[in-house]
Amino acid sequence: MSNRRQFIQGLSALGALGSTGLLAPNAFAQLVEQCKIFYGFPAGSSGDSVARRVGEKVAGSAFSKNAAVVENKPGAGGRIVLESLKPAPADGSVLALSPFSALAIYPHIYSKMNYEMKDFVPVSIGAVMHHGLAVGPLVPASVKTLKDFLAWAKANPKDASYGSPGAGSTPHFLGALLGLNSGVEMRHVPYRGSIPGVTDLVGGQIAAMLTPSGDFIANAKAGKLRILATSGEKRSPFLPDVATFAEQGFADLTTEEWFGFYAPAKTPAPVIAAANAAINAALKDKTVIDSLALVGLIAQGSTAEEMGRSQKHEFERWGPLVKRIGFSAES
């Protein structure tokens, strides 16, 4: 309980930064020779592309003389990377890229964590992803919509399963909410990342999979799976023919998860401003936009204040949903 109170206090303080002007884009008083970007999942994953493409483009900016070096620190659902960022120098030399779930959802499911929101300062959102629900060959070809899938799942309870990139992940909870809202029970199969889950989906080992929709696109184009729904407020620009969950009657599943750049607490405001400017400039570069699109990500920057407000909103939104789902995990 105290852990959640501490997170709320940290998020409230973060939201107040905008009104104090501490994160305003002031003159760039401090620069770095080279920045490290920690990323909490394996190389080759979708978020890794954000860290690497943006990291390449910050070279020569008012923030960094050289391109950033990306260090992958996978494990514990992305918590290790934030644990590593917490004691890092607060001088702009180390940033971390993390999905919002590590700070918006995990505090609601882990009784103990080795970091709090007050340990970090937001820098900028980097990219937005829509999650998707896809079915494989275990599900008959006649199943073409979300309604069809739920009817099939209800009629075939032994086979009604869905995979996710991990227990406690946003896709896990989207599947749980889908089951609660529809009254259809589905067995959750957690994986260590998207790739093994999609592999099993294509191989007919599980009926469905919820994960970032970009991870489905190649197999969908090859006819190996069918994407039935996506989680955005609007249809994914990469899957314009796939209806959203909201369009199919499940507005509660509307989620656009983002990857955001964080710095250690007490990083000087001019450094945050310089990093923000460099990151946002990189995200407007066509080569970066096109590179992220290949993995189903929408390049999207923000101010530090906007990222902080969004983080706070997602934390408050997911608390009641996690409670309704009734899931908790040991740290």
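Below, each value reflects all heavy atoms present in this structure, side chains not excepted, and no hydrogens, waters or symmetry copies.
Note: Gln300 CD to Lys284 NZ = 12.0 Å, rounded to the nearest 0.5 Å. Rounding to the nearest 0.5 Å gives a distance of 12.5 Å between OG of Ser46 and CG of Leu294. Atom-to-atom distance recorded for Asn114:CG and Leu82:CG is 11.0 Å, nearest 0.5 angstrom. From Met129, atom CE reaches atom CG of Leu292 across 12.0 Å, with rounding to the nearest 0.5 Å. With rounding to the nearest 0.5 angstrom, the OH atom of Tyr191 is 11.0 Å from the OG1 atom of Thr211. Within the model, atoms CG of Leu225 and CG of Leu138 stand 13.0 Å from one another, a figure rounded to the nearest 0.5 Å.
In terms of heavy atoms, Ser142 sits closest to Asp148 at O-OD2, 3.7 Å. Nearest heavy atoms, Ala96 versus Leu85: CB-CD2, 3.6 Å. Taking each heavy atom of Ala304 and Ile272 in turn, the nearest pair found is CB-CG2, 4.3 Å. The two residues Gly168 and Tyr106 make their nearest non-hydrogen contact at O-CE1, 3.7 Å. When every heavy atom of Ser84 is checked against every heavy atom of Lys73, the shortest pair comes out as OG-CD, 3.6 Å. The two residues Ile289 and Leu283 come nearest to each other via the heavy atoms CG1-O, 3.4 Å.
In this structure the side chain of Asn181 reaches within 4.5 angstrom of the side chain of Leu253, judged on heavy atoms. Within the 4.5 Å cutoff, no side-chain heavy atoms of Pro89 are placed close to those of Pro264. In this structure, Pro107 and Phe315 have side chains that are in contact, with non-hydrogen atoms separated by less than 4.5 Å. Between Arg187 and Tyr162, the closest side-chain pair of non-hydrogen atoms is not below 4.5 Å. The shortest side-chain heavy-atom distance between Leu133 and Leu178 falls under the 4.5 Å cut-off. Put simply, the side chain of Glu314 does not reach to within 4.5 Å of the side chain of Glu316, judged on heavy atoms. Between Gln311 and Tyr262, the closest side-chain pair of non-hydrogen atoms falls below 4.5 Å. When side chains are defined from C-beta on, Leu228 does not count as touching Thr145, because their heavy atoms never get closer than 4.5 Å.
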**OP:** List the steps and the verdict of side chain to side chain contact (heavy atoms under 4.5 Å, CB included) for Phe41 and Val81.
**Re:** CA-CA 9 Å; Phe41 298 90; Val81 74; over 6 Å; no

**OP:** For ring-ring contact (aromatic ring centres under 6.0 Å, His included), just list the numbers for Phe327 and His172, CA-CA rounded to whole Å, side-chain angles, deciding distance to a tenth of an Å, and then say yes or no.
**Re:** CA-CA 10 Å; Phe327 178 84; His172 168 202; 4.9 Å; yes

**OP:** Dump the intermediate steps for side chain to side chain contact (heavy atoms under 4.5 Å, CB included) on Thr254 and Thr244, then the final yes or no.
**Re:** CA-CA 8 Å; Thr254 300; Thr244 65; over 6 Å; no

**OP:** Could you please spell out the steps behind the salt bridge (charged side-chain N to carboxylate O under 4.0 Å, His left out) verdict for Glu247 and Arg235?
**Re:** CA-CA 9 Å; Glu247 286 180 277; Arg235 294 191 181 193; 2.9 Å; yes

**OP:** Output, in order, the C-alpha distance, side-chain angles, deciding distance and verdict of side chain to side chain contact (heavy atoms under 4.5 Å, CB included) for Cys35 and Val58.
**Re:** CA-CA 9 Å; Cys35 174; Val58 300; 5.7 Å; no

**OP:** Report the C-alpha separation of Lys154 and Phe149 in whole Å, then their side-chain angles, then the decisive distance to 0.1 Å, and conclude whether the side chain to side chain contact (heavy atoms under 4.5 Å, CB included) test is met.
**Re:** CA-CA 9 Å; Lys154 188 172 184 178; Phe149 171 68; over 6 Å; no

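Each of Ile195 and Val198 belongs to its own hydrophobic cluster when Ile, Leu, Val, Met, Phe, Trp and Tyr are linked at side-chain heavy-atom distances under 4.5 angstrom. The hydrophobic clustering, which links ILVMFWY residues whose side-chain heavy atoms are closer than 4.5 Å, places Leu150 and Leu180 together. Using a 4.5 Å cut-off between side-chain heavy atoms of Ile, Leu, Val, Met, Phe, Trp and Tyr, with links allowed through other members, Ile80 and Ile37 fall into different hydrophobic clusters. A chain of hydrophobic side-chain contacts below 4.5 Å, direct or via other Ile, Leu, Val, Met, Phe, Trp or Tyr residues, connects Ile109 to Leu177.
Exactly one residue among Asn276, Val121, Val123, Ile125 makes a side-chain contact (heavy atoms from CB on, under 4.5 Å) with Phe261. That residue is Val123. Thr255 pairs with exactly one of His130, Glu233, Arg317 by the side-chain hydrogen bond (donor to acceptor under 3.5 Å, both in side chains) rule, that one being Arg317.
Taking 4.0 Å as the cut-off between side-chain N and carboxylate O, Glu83 and Lys86 do not count as a salt-bridged pair.
Judged by distance alone, the side chain of Gln248 and the main-chain N or O of Leu146 form a donor-acceptor pair under 3.5 Å. Side chain of Asn156 to main chain of Trp152: a donor-acceptor pair is present (N/O by atom type, distance under 3.5 Å, no hydrogens or angles). Within the 3.5 Å criterion, the main-chain N or O of Ser64 finds no donor-acceptor partner in the side chain of Gln34. Using a distance-only test at 3.5 Å, with no hydrogens or angles considered, no donor-acceptor pair links the side chain of Ser213 to the main chain of Gly132. Side chain of Ser310 to backbone of Met307: no donor-acceptor contact under 3.5 angstrom is found. The main-chain N or O of Ala263 is never found under 3.5 Å from a side-chain atom of Thr267 such that the two would form a donor-acceptor pair. The backbone N or O of Gly126 lies less than 3.5 Å from no partner atom in the side chain of Ser124, so there is not a single donor-acceptor pair. Looking only at distances, a side-chain donor or acceptor of Asp119 sits under 3.5 Å from a matching main-chain atom of Glu116.
Residues satisfying the side chain to side chain contact (heavy atoms under 4.5 Å, CB included) test with Asp48, not counting sequence neighbours, are Tyr39, Ala43, Ser45, Arg52, Val70, Asn72. Shown here are the side-chain hydrogen bond (donor to acceptor under 3.5 Å, both in side chains) partners of Thr230, two or more places apart in sequence or in another chain: there are none. Listed by chain and number, the residues in a side-chain hydrogen bond (donor to acceptor under 3.5 Å, both in side chains) with Ser164 are His188 (sequence neighbours excluded).
Within 6.0 Å of CZ on Arg324 lie more than 12 heavy atoms contributed by other residues, nucleotides or ligands.
With Tyr110 as the aromatic partner, Arg79 meets the cation-pi criteria of under 6.0 angstrom to the ring centre and within 45 degrees of the ring axis.
Counted by atom type alone, Asn219 and Arg226 present zero donor-acceptor pairs between their side chains at under 3.5 Å. Side chains of Glu257 and Ser101: a donor-acceptor N/O pair is present below 3.5 angstrom, by distance only.
Relative ring orientation between Phe173 and Trp318 is described as tilted, the plane-to-plane angle lying within the 30° to 60° band.
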